[in-house]
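For reference, the structure discussed in these notes is given below.
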There are 2 protein chains.
Amino acid sequence: MRPTSQREGALRIGELAVRTGVSVRSLRYYEEQGLLSSTRSAGGQRHYAEHDVERVAFVQRLYAAGLSSRTIAELLPCVDSPSDENSDAAMARMAEERERLSAHIDELLRTRDALDDLMATVRAYRDAGQVAV
Amino acid sequence: MRPTSQREGALRIGELAVRTGVSVRSLRYYEEQGLLSSTRSAGGQRHYAEHDVERVAFVQRLYAAGLSSRTIAELLPCVDSPSDENSDAAMARMAEERERLSAHIDELLRTRDALDDLMATVRAYRDAGQVAV
DNA sequence: CTAAAACCTGACATCAATGTGAGAGGCAAG
DNA sequence: CTTGCCTCTCACATTGATGTCAGGTTTTAG
């Protein structure tokens with residue numbers, strides 16, 4: 001079934017939302033933030049291309065990594081045209097974010113270890129019976 | 001002897017804030033959320049013990065790992081008294097959060113890889129000269 | 001004793017992504 | 001043309017941790 005009579009591969013916002021698991025509201029927000037672009041129908045409705053599914057997934061990934069819209073917006077031009085002159089600034093930014101991300105990962109690993117220790121302690125108490133302290 | 005002064009090792013909220021790098025406002029918030037307790041002076045001012053420095057650090061660590069106040073509040077009793085009967089529920093909660101945390105770490109690792117790929121791509125373009133695509 | 005510094009409570013502000021709802025218009029099918 | 005669904009813009013609400021301010025009290029230093 002092709003619900004569209006549009007050009008090949010053109011997606012309406014609702015379809016893109018379903019395909020990416022991101023709300024329609026958020027897709028519009030991404031556009032407002034310059035993270036996603038669309039063409040418009042004569043009537044003003046947004047049309048997306050197939051590859052935007054991938055782009056939205058990437059944006060979501062960066063969001064999940066704690067990057068802000070602003071930061072993501074700085075990196076994306078680099079994804080679109082890696083040879084662009086903007087890439088110097090974007091590279092610096094990316095290196096910076098990579099560092100931040102690594103540090104965060106390390107912190108999370110330490111936290112997981114702390115949780116493991118805590119769970120081990122609780123298990124030890126429990127398995128030893130509720131006797132002596 | 002100063003009969004009216006604080007007990008040995010008692011910290012005022014400002015001191016605890018400095019020692020932990022957490023704002024006074026946040027320390028009060030932690031107390032409101034049941035993550036931190038204090039004794040009060042006759043005049044109503046909060047006093048903390050040395051070990052609260054450690055506790056605040058732990059709470060911060062969990063916050064940084066994305067746990068909510070509510071979740072942290074469920075885990076802490078377990079830290080305080082590991083043999084408590086609450087520990088069954090807390091253990092389940094902890095296991096759950098550990099899983100969530102692991103999944104998140106994996107996601108972040110994949111994101112870091114994606115950033116690395118992106119940076120490599122940009123470098124490749126750059127090092128190859130600005131040849132037309 | 002006095003004044004400064006720290007603290008108290010309570011309330012409102014902030015940020016960022018997203019939810020939600022109103023009112024209006026686009027678009028395909030019968 | 002009409003109907004029903006999808007979409008449009010605008011605008012306000014939400015959440016959670018924290019900032020900030022106001023007006024008053026406590027503690028400490030001099």
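We name chains A, B, ... by the order of the sequence lines, and we start the count at 1 in each one.
- One can place CD of Glu32(B) at 12 Å from C1' of dA11(C), the figure rounded to the nearest angstrom.
- Put simply, CG on Leu62(B) is 12 Å from P on dA17(D), counting in whole angstrom units.
- Taking only side-chain nitrogens and oxygens, Arg25(A) never comes nearer than 4.0 Å to OP1 or OP2 of dA16(C).
- If you find the closest nucleotide of DNA chain D to Arg70(B) and to Gly43(B), the one lying nearer the 5' end belongs to Arg70(B).
- Between Tyr48(A) and Gln45(B), the one whose closest nucleotide on DNA chain D sits nearer the 5' end is Tyr48(A).
- Heavy-atom distances to DNA chain C give each of Arg46(B) and Gly44(A) a nearest nucleotide, and the one nearer the 5′ end belongs to Arg46(B).
- Here the C1' atom of nucleotide dT18(C) and the OH atom of Tyr63(A) are 10 Å apart, to the nearest Å.
- Among the atoms of the strands shown, only primed sugar atoms or phosphate atoms (P, OP1, OP2) are found under 4.0 Å from some heavy atom of Arg40(B).
- For Ser68(B), no side-chain nitrogen or oxygen approaches OP1 or OP2 of dG16(D) to under 4.0 Å.
- One finds no side-chain N or O of Ser23(B) lying less than 4.0 angstrom from the OP1 or OP2 phosphate oxygen of dT18(D).
- Once rounded to the nearest 0.5 Å, the distance linking CZ of Arg70(A) with CG of Leu75(A) reads 11.5 Å.
- For the pair Tyr29(A) OH and dT7(D) C1', the interatomic distance rounds to 21 Å; values are reported in whole Å.
- Nucleic acid contact for Arg28(B): base, since at least one base atom lies under 4.0 Å from a heavy atom of the residue.
- Atom pair Ile13(B):CD1 and dT25(D):C1' shows a separation of 15 Å (rounding to whole Å applied).
- Judged purely by atom type and a 3.5 angstrom limit, Arg55(B) uses its side chain to pair as donor or acceptor with the backbone of Leu35(B).
- For the pair Ser41(A) and dG26(C), the criterion of a side-chain N or O lying under 4.0 Å from OP1 or OP2 is not met.
- Contact between the side-chain N/O atoms of Gln60(B) and the OP1/OP2 oxygens of dT18(D) is found at a separation under 4.0 Å.
- Closest of all the heavy-atom pairs between Ala17(B) and Leu27(B) is N-CD1, 3.6 Å.
- For CD of Glu96(B), the number of neighbouring non-hydrogen atoms (other residues, nucleotides, ligands) closer than 6.0 Å is greater than 12.
- OP1 or OP2 of dA17(D) has not a single side-chain nitrogen or oxygen of Tyr30(B) nearer than 4.0 Å.
- A 6.0 Å sphere centred on CD of Gln33(B) holds more than 12 heavy atoms belonging to other residues, nucleotides or ligands.
- Rounded to whole Å, the distance from CZ on Arg12(A) to C1' on dG26(C) is 8 Å.
- Residues Cys78(A) and Val122(B) come closest through the heavy atom pair SG-CG2, 3.4 Å.
- For Ala42(A) and Gln33(A), each mapped to the nucleotide of DNA chain C holding its nearest heavy atom, the one lying further toward the 5' end belongs to Gln33(A).
- OP1 or OP2 of dA17(C) sits under 4.0 Å from a side-chain N or O of Ser69(A).
- For Leu27(B) and dT20(D), the CG to P distance is 16 Å, given to the nearest whole Å.
- Rounded to an integer number of Å, the gap from Leu11(B) CG to dA6(C) P is 15 Å.
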